[in-house]
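Counting starts at 1 for both ligands and their atoms, in listed order. Everything numeric in this text was worked out from a predicted model, so none of it was measured.
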Amino acid sequence: MAKKLVLAYSGGLDTSVAVHWMREQWGVEVICVALNVGQSDMLEPDVLKSRAAAAGAIDCVIIDARDEMAEEFCNYAIWANAKYEGKYPLVSALSRPVIVRHLVAQARAFGADAVAHGCTGKGNDQVRFEVGTHALAPDLEVLAPVRVWGMTREDSVEYAEKHGIPIAASKTKIYSIDENLWGRAIECGDIEDPWAAPPEEPYTLTKVSATAPVELTISFEQGLPVAVDGQRLSLAALIAELNQRIGPTGFGRLDMVENRRVGIKSREVYECPGALAIINAHSDLEDLCLERDVHHEKARLETRWAELIYDGMWFSPLKEALDAFFIETQRHVTGDVRVRAEAPGVLRVVGRRSATALYDYGLATYDAADTFRHQDSEGFVRIWGLGISTWAHRQGAKNGTARS
Ligand code: ARG
């Protein structure tokens, strides 16, 4: 059994109770690690530290990982236009490997022999924590107290009260919300009935308040967004800016029944205005800049990439190999994309341009500027269809019906 462990800590009810419970039940020393990945409910450092100490942690490390998440995790998701099951931009699935990387680093720094997380046994996040940790540090044990303690939320609140663990939680909590700079994932409560329309209440980023259409230009360099309306921003700041400007139009909500890795179908809702605007704009720019075969092959591999990340395989050889392919495709994905939100919840790309576009006006136009050699098409089309016309003639001969 582990002697010293590093816990992914939020300062909420479950992870605070976990600190005390693991100490009490397993006799381990606990170091809390709290990451800021852009969640709006990130607690202040002094609150985190005092809660961790009150629960019995020997230390509490706080790390601002927002730029790291944007520049080393969201960037790959943008290159891959990553949407699990064609919809979900992997919000939670992208933050878990960031957290794992820091847990492992802190385990090494403190000489710990295990890491722990506060996930239940029903979700994907346990998979991401455990597979990720074992990819980076196969020698570390991974412990999941919530999966084994068998306490309800009420029991946990009582446990916290009994042991003087300060928490700001009620015995009933309606929604389970996971947030980071890439968006918000909302589950539980009424949402668990797939027939019930999603309640307005848990949304924060996409409450409609815009009164006029919103139009803006996103500039990309080698497949990554670098500026909004000409203003250069770090990737983390750019995502936040888009959330702020596009969210109030109501764009970015998803309502889906998804397939979890553990075999459960679950109904979840998401709001990711910035992430979805970036992916839409990026993939539109690729329409303009990617050669046809590369483009088609990339589309096939994007689906696979999103599945891998969803399934907790961030640190895996296939993911790295796919990244190498995507990075190669992005060399000329540089240009501007104009997006416009006119009606609530709808964002459209209305223009795109690129100095490296493969769109050629002379080839595309039907007017006098036409440079296309029409006469070449005759032979091309005949040879393209040669196999089919040969087949058709033979069929006709066999059936005794002449084909022309
Ligand atoms: N279903 C999503 C995923 O697996 C979101 C999970 C979010 N977790 C939560 N506690 N709300 O990535």
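- The structure places CH2 of W314 at 11.0 Å from OG of S95, a figure rounded to the nearest 0.5 Å.
- Between Y76 and W79, the two ring planes are perpendicular [angle over 60°; tilted spans 30° to 60°].
- Side-chain N/O atoms of Y361 and T371 include no donor and acceptor closer than 3.5 Å.
- The shortest heavy-atom contact between L140 and A114 is CD2-N, 4.0 Å.
- Donor-acceptor pairing under 3.5 Å is lacking for the side chains of E154 and T152.
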Please tabulate, one pair per line, all N/O donor-acceptor pairs under 3.5 Å involving side-chain atoms of residues 81-88, not counting sequence neighbours.
residue: N81; atom: OD1; partner: H282; partner atom: ND1; Å: 2.6
residue: N81; atom: ND2; partner: E286; partner atom: OE1; Å: 2.8
residue: N81; atom: ND2; partner: E302; partner atom: OE2; Å: 2.9
residue: Y84; atom: OH; partner: N259; partner atom: O; Å: 2.6
residue: E85; atom: OE1; partner: N259; partner atom: N; Å: 3.3
residue: E85; atom: OE2; partner: N259; partner atom: ND2; Å: 2.9
residue: Y88; atom: OH; partner: V91; partner atom: N; Å: 3.4
residue: Y88; atom: OH; partner: S92; partner atom: N; Å: 3.0

What does the contact table look like for ligand 1 (nitrogen or oxygen on each side, cut-off under 3.5 Å)?
residue: ligand 1; atom: 1 (N); partner: E258; partner atom: OE2; Å: 2.7
residue: ligand 1; atom: 1 (N); partner: E268; partner atom: OE1; Å: 2.8
residue: ligand 1; atom: 1 (N); partner: E268; partner atom: OE2; Å: 3.0
residue: ligand 1; atom: 1 (N); partner: Y270; partner atom: OH; Å: 3.1
residue: ligand 1; atom: 4 (O); partner: N124; partner atom: ND2; Å: 2.6
residue: ligand 1; atom: 4 (O); partner: R128; partner atom: NH1; Å: 3.3
residue: ligand 1; atom: 4 (O); partner: R128; partner atom: NH2; Å: 3.0
residue: ligand 1; atom: 10 (N); partner: S176; partner atom: OG; Å: 2.9
residue: ligand 1; atom: 11 (N); partner: S176; partner atom: O; Å: 3.3
residue: ligand 1; atom: 11 (N); partner: S176; partner atom: OG; Å: 3.3
residue: ligand 1; atom: 12 (O); partner: Y88; partner atom: OH; Å: 2.6
residue: ligand 1; atom: 12 (O); partner: R128; partner atom: NH1; Å: 2.9
residue: ligand 1; atom: 12 (O); partner: R128; partner atom: NH2; Å: 3.0

